[in-house]
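In listed order, ligands and their atoms are each counted from 1.
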Amino acid sequence: MNYISIQNIDSLEKWVKQALKIKKKPLKNKKLGKNKTLGMLFFNSSLRTRLSTQKAALNLGMNVMVMNFTTEGWTLEFEDGAVMNSGSSEHIKEAAAVVSQYCDIIAIRAFAGLIDKEKDNAEIVLSGFLKHATVPIVNMESATGHPLQSLADAITMAEHKTKHKPKVVLSWAPHPKALPQAVANSFVEMMQLQDAEFVITHPEGYELNSEITKDSKIEYDQNKAFENADFIYTKNWSNYNEYGKITNTDSNWTVTAEKMKLTNNAKFMHCLPVRRNVIVTDEVLDSENSIVIEQANNRTYAAQVVLQKILKSSPTPPKEGLFKSKSAK
Ligand code: CP
């Protein structure tokens with residue numbers, strides 16, 4: 001079993017229930033991961049994903065190895081048949097096979113480059129490990145998705161919702177740097193599995209990949225979208241159509257206390273890290289309605305559900321002899 005996208009969740013309701021159970025007794029399955037190793041490979045920075053996933057693994061009794069691949073590893077080549085006479089030192093074929101010998105689960109963070117849409121959509125790094133590793137793979141945020149985050153978001157909303165079918169708004173907000181669409185994509189996919197009134201609001205031209213948003217409601221008027229909302233989930237993403245570009249920096253999209261007044265006393269959510277007074281004002285972020293810290297706390301239980309399911313479902317293949325048939329010379 002791999003955890004690559006929200007589509008790997010067979011029942012969101014059951015997974016959320018399981019996570020909430022784990023949250024009550026996080027050390028209950030401390031023996032499940034004994035003598036198993038989680039390898040965490042980072043091609044990009046992280047605070048929450050790194051620590052919460054590590055904590056989840058430790059709660060399950062696993063050993064954890066962490067590598068900042070970009071600064072500490074060899075530069076990888078992903079193309080089949082490449083003549084490696086320039087930048088890259090190691091092919092994904094060897095790298096993934098080698099890491100598979102040391103680890104029982106490999107978790108990978110590799111963001112979108114935001115230059116080549118086709119390349120980002122092909123998920124070169126994640127796909128390379130999926131193809132060439134021999135152990136389960138977990139997506140710790142790839143070019144197009146962040147399913148651990150959105151599972152944590154679902155857990156957080158389940159804890160805080162006061163009605164069966166809440167109104168949930170995903171709102172774009174400005175940001176000085178071009179950011180990937182991954183968090184928003186997975187949030188949309190997760191919301192499509194929920195019974196909720198779901199609305200996406202962003203400036204015209206900032207549409208996400210329509211293959212992901214499908215028939216989700218889009219409202220270009222942020223104030224209108226906020227009316228009677230129960231949850232405001234804010235996130236910046238760079239332009240998907242004019243790929244990776246910042247085409248809008250309008251500070252009118254910043255989430256303010258005035259805008260929150262339009263809602264049904266909505267909870268404020270953000271995956272963090274968040275730029276204060278750019279994405280959201282201090283007043284909103286520091287208010288009682290902000291649940292961003294609990295949302296980050298739930299990253300541990302989201303990761304723990306995923307690791308637990310993998311440990312229970314995937315017998316670890318033998319580590320020796322991965323290249324047996326090719327080892328004559
Ligand atoms: N939300 C999230 O993924 O945080 P980090 O980038 O700090 O891991």
Side-chain angles (χ1 to χ4, degrees), residues 3-6 8-9 19 23 38-59 64-72 105-114 120 123 125-126 137-157 159-160 168 170-173 175-191 208 231-238 255 267-276 278-280 285 290-307:
Y3 187 65
I4 300 305
S5 92
I6 283 293
N8 295 128
I9 297 177
K23 191 172 180 177
L38 171 69
M40 299 171 66
L41 309 182
F42 286 90
F43 292 82
N44 302 95
S45 306
S46 171
L47 187 162
R48 281 142 289 271
T49 306
R50 177 169 172 159
L51 296 182
S52 63
T53 309
Q54 189 163 355
K55 175 147 186 180
L58 295 174
N59 283 349
V64 183
M65 296 197 294
V66 185
M67 184 166 177
N68 291 316
F69 221 94
T70 318
T71 51
E72 296 163 355
I105 301 173
I106 302 173
I108 297 158
R109 166 164 282 202
F111 289 174
L114 293 177
D120 285 343
E123 295 280 13
V125 180
L126 198 63
I137 302 292
V138 173
N139 180 353
M140 294 195 295
E141 187 171 345
S142 66
T144 63
H146 196 356
L148 283 175
Q149 178 65 54
S150 44
L151 180 54
D153 300 337
I155 297 164
T156 312
M157 285 196 287
E159 286 180 311
H160 288 274
V168 180
L170 169 64
S171 178
W172 180 92
H175 197 282
K177 277 178 73 180
L179 299 187
Q181 295 86 23
V183 169
N185 286 344
S186 289
F187 187 77
V188 170
E189 288 179 319
M190 181 274 289
M191 284 311 304
L208 293 160
F231 292 93
I232 300 294
Y233 193 103
T234 308
K235 183 73 186 86
N236 170 268
W237 58 87
S238 58
V255 177
K267 299 294 181 197
F268 176 82
M269 298 178 73
H270 189 282
C271 63
L272 305 182
V274 66
R275 295 211 180 209
R276 282 176 173 259
V278 177
I279 293 274
V280 55
L285 198 55
S290 170
I291 52 173
V292 296
I293 303 300
E294 197 49 39
Q295 197 181 339
N297 185 32
N298 285 332
R299 292 294 309 274
T300 300
Y301 311 109
Q304 204 164 323
V305 171
V306 169
L307 294 176

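- A distance-only check finds a donor-acceptor pair linking the side chain of Gln295 to the backbone of His270 [under 3.5 Å].
- For ligand 1, the atoms sitting less than 4.0 Å from at least one non-hydrogen atom of Ser46 are 5 (P), 7 (O), 8 (O), numbered in the order shown with element in parentheses.
- Backbone and side-chain nitrogen or oxygen atoms of Ser45 are examined, and none is located within less than 3.5 angstrom of a nitrogen or oxygen of ligand 1.
- Heavy atoms only, all atoms of each residue included: Leu38 and Ala57 are closest at CD2-CB, 3.8 Å.
- No donor-acceptor pair closer than 3.5 Å links the side chain of Trp237 to the backbone N or O of Trp172.
- Below 3.5 Å of separation, one finds no N or O of Glu141 facing any N or O of ligand 1.
- Within a 6.0 Å radius of NZ in Lys23, more than 12 heavy atoms belonging to other residues, nucleotides or ligands are found.
- Considering only non-hydrogen protein atoms, atom 7 (O) of ligand 1 sits nearest to Leu47 N, 2.7 Å.
- The proximity of Val183 to ligand 1, defined as any non-hydrogen pair under 4.0 Å, does not occur for either the backbone or the side chain.
- For atom 3 (O) of ligand 1, the closest non-hydrogen atom of the protein is His146 NE2, 2.8 Å.
- Protein heavy atom in closest approach to atom 4 (O) of ligand 1: Arg48 NE, 2.9 Å.
- Within the listing of ligand 1, atoms 1 (N), 2 (C), 3 (O) sit less than 4.0 angstrom from a heavy atom of Arg299.
- When each atom of ligand 1 is checked for a heavy atom of Cys271 under 4.0 Å away, the hits are 1 (N).
- Heavy atoms of Met140 stay at 4.0 angstrom or farther from ligand 1.
- Nearest protein heavy-atom contact of atom 6 (O) of ligand 1 is Arg109 NH1, 2.8 Å.
- A donor and an acceptor atom, one from each side chain of Asn139 and Ser142, are located under 3.5 Å apart.
- An N or O contact shorter than 3.5 Å links Thr49 to ligand 1 by distance.
- Side-chain atoms of Glu123 come within 3.5 Å of backbone atoms of Ala143 as a donor-acceptor pair (strictly under, hydrogens ignored).
- Between the side chains of Thr144 and Asn185, not a single donor N or O lies within less than 3.5 Å of an accepting N or O.
- Salt bridge annotation for Glu141-Arg48: absent, with no cationic side-chain nitrogen under 4.0 angstrom from a carboxylate oxygen.
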